[in-house]
There are 2 protein chains.
Amino acid sequence: MIDANTAHRWLTIIVALLIIMIYIGSMFDHCLYFNTTALARQLEGEWAKAFEPFDLTPPQAFLLRAILDQPGLMQYELANALTISRPTATRALDGLKAKGLIERRNSERDGREQAIFPTAPAIAMHTSLNEASVQVGKRLKKLLGADVFADTVTKIRGVRAALK
Amino acid sequence: MIDANTAHRWLTIIVALLIIMIYIGSMFDHCLYFNTTALARQLEGEWAKAFEPFDLTPPQAFLLRAILDQPGLMQYELANALTISRPTATRALDGLKAKGLIERRNSERDGREQAIFPTAPAIAMHTSLNEASVQVGKRLKKLLGADVFADTVTKIRGVRAALK
DNA sequence: CATATATGATTGCATAGCTAACGATTTTTA
DNA sequence: TAAAAATCGTTAGCTATGCAATCATATATG
């Protein structure tokens, strides 16, 4: 049997440890929004480095990659593919247009629509742009482990689908 | 033994199915960056609804919650806690100040620093703000399943830590 | 102790995202 | 067929974010 003094000392220590454990973690550690937005900013930085040689920001580069992959999509189709709003697509395309990387063509069947095509300089970037992207993916998979990487993406896609 | 014609027909069908499978998924389905930024935008919308009654955007509300949780932190400590840059913190705090929710006090020990405190109106919001946040968490856990929710957050935190 | 360096907050400038509203065009409906 | 509703792209106006540079204050160094 332990005496009352010993019991009290131990209790004090345990309570102190619990308090420390609570304070070590920060308030939003278990918040999906907080962690998702924070990760998004971190990844933005990683991809920005990869696309810097092309003078493209990550959103611009991903948009251009989609255009190179499927030339001739309408603007609203691109907006859907990238899950951005149409106004955001308009401005991102304005940016690529200003760099001479895309052109807009009036749709023949519907006067409201604009089909988007890559220009020759953009097509010339196609391979190296995809190669740079593959390299980032490889680097992250190596850093995190390929299984963790894939699991994380799957989990995130699951949440996205559930929220839709 | 099957004849050459049958074999050819089957091969054609299989190849066609593979091509369809590739096209059903979109180009960035397995991209961590793409899915993370997309999820961040979706969650932004969810939390925006929750904080609308308080006339706060999600970034403002999370900042205010941190201030209410630990009054008197320096600006750079808040920036670190929220993993945003100091300029972003300055501007977010300007916003809360304009709404009369926080005040800046000069640090006594270091003339460069500013300690941030909630005002009385902000303190009056403390409970209901936290309650609204808990409700969002509960709703998402119900929608996704508590285990999926927790797993997703854990995975994302793992990636964040690995990238740091 | 004087000067150089580092740090905290701010400001300037840029990008990316959203909603609301509008003009042009197409489709639906009465 | 005329009017109403829907759709596509754009514009206006807002927020959030970052980097680079600046100012003021502390700290380190010679």
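Naming: A, B, ... by sequence-line order, numbering from 1 per chain. Bear in mind the structure is a predicted one, so any value in this text is a computation, not a measurement. Note: hydrogens, waters and symmetry copies are ignored here, and every other heavy atom, side chains too, is used.
In this pair, B:F51 and B:F62 present their aromatic rings perpendicular. The plane angle is above 60°, beyond the 30 to 60° band.
One interatomic measurement links the two molecules: CZ of A:R112 to C1' of C:dT27, which rounds to 7 Å at whole-angstrom precision. Following rounding to the nearest Å, A:L56 (CG) and C:dA14 (P) show an atom-to-atom distance of 18 Å. B:F34 has its CZ atom 10 Å from the P atom of C:dG17, to the nearest Å.
Between the side chain of B:N106 and the main chain of B:G111, no donor-acceptor pair closer than 3.5 Å is present. No donor-acceptor pair closer than 3.5 Å links the side chain of B:D69 to the backbone N or O of B:R65. For the pair A:T119 (side chain) and A:L101 (backbone), a donor-acceptor distance under 3.5 Å is present.
A heavy atom lying under 4.0 Å from DNA chain D marks the following residues of residues 72-106 of chain A, by number: A:Q75, A:Y76, A:R86, A:P87, A:T90, A:R91, A:R104.
Residues A:S107 and A:R112 have side chains not in contact (no heavy-atom distance under 4.5 Å, counting atoms from C-beta outward).
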* Do A:E46 and A:R139 pass the side chain to side chain contact (heavy atoms under 4.5 Å, CB included) test, and can you show the C-alpha distance, the side-chain angles, and the key distance before you say yes or no? -> CA-CA 10 Å; A:E46 294 297 320; A:R139 202 167 60 74; 2.4 Å; yes
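With no hydrogens or angles considered, a side-chain donor-acceptor pair links B:E131 and B:Q135 at under 3.5 Å.
When all heavy atoms are compared, the tightest approach of A:D55 to A:Q60 is O-OE1, 4.2 Å.
Think of the region where chain B sits on DNA chain D: with heavy atoms and a 4.0 Å cut, that region ends 5' and 3' at D:dT15 to D:dA26.
When heavy atoms are screened at a 4.0 angstrom cut-off, A:Q60 is found touching the sugar-phosphate backbone but no base atom.
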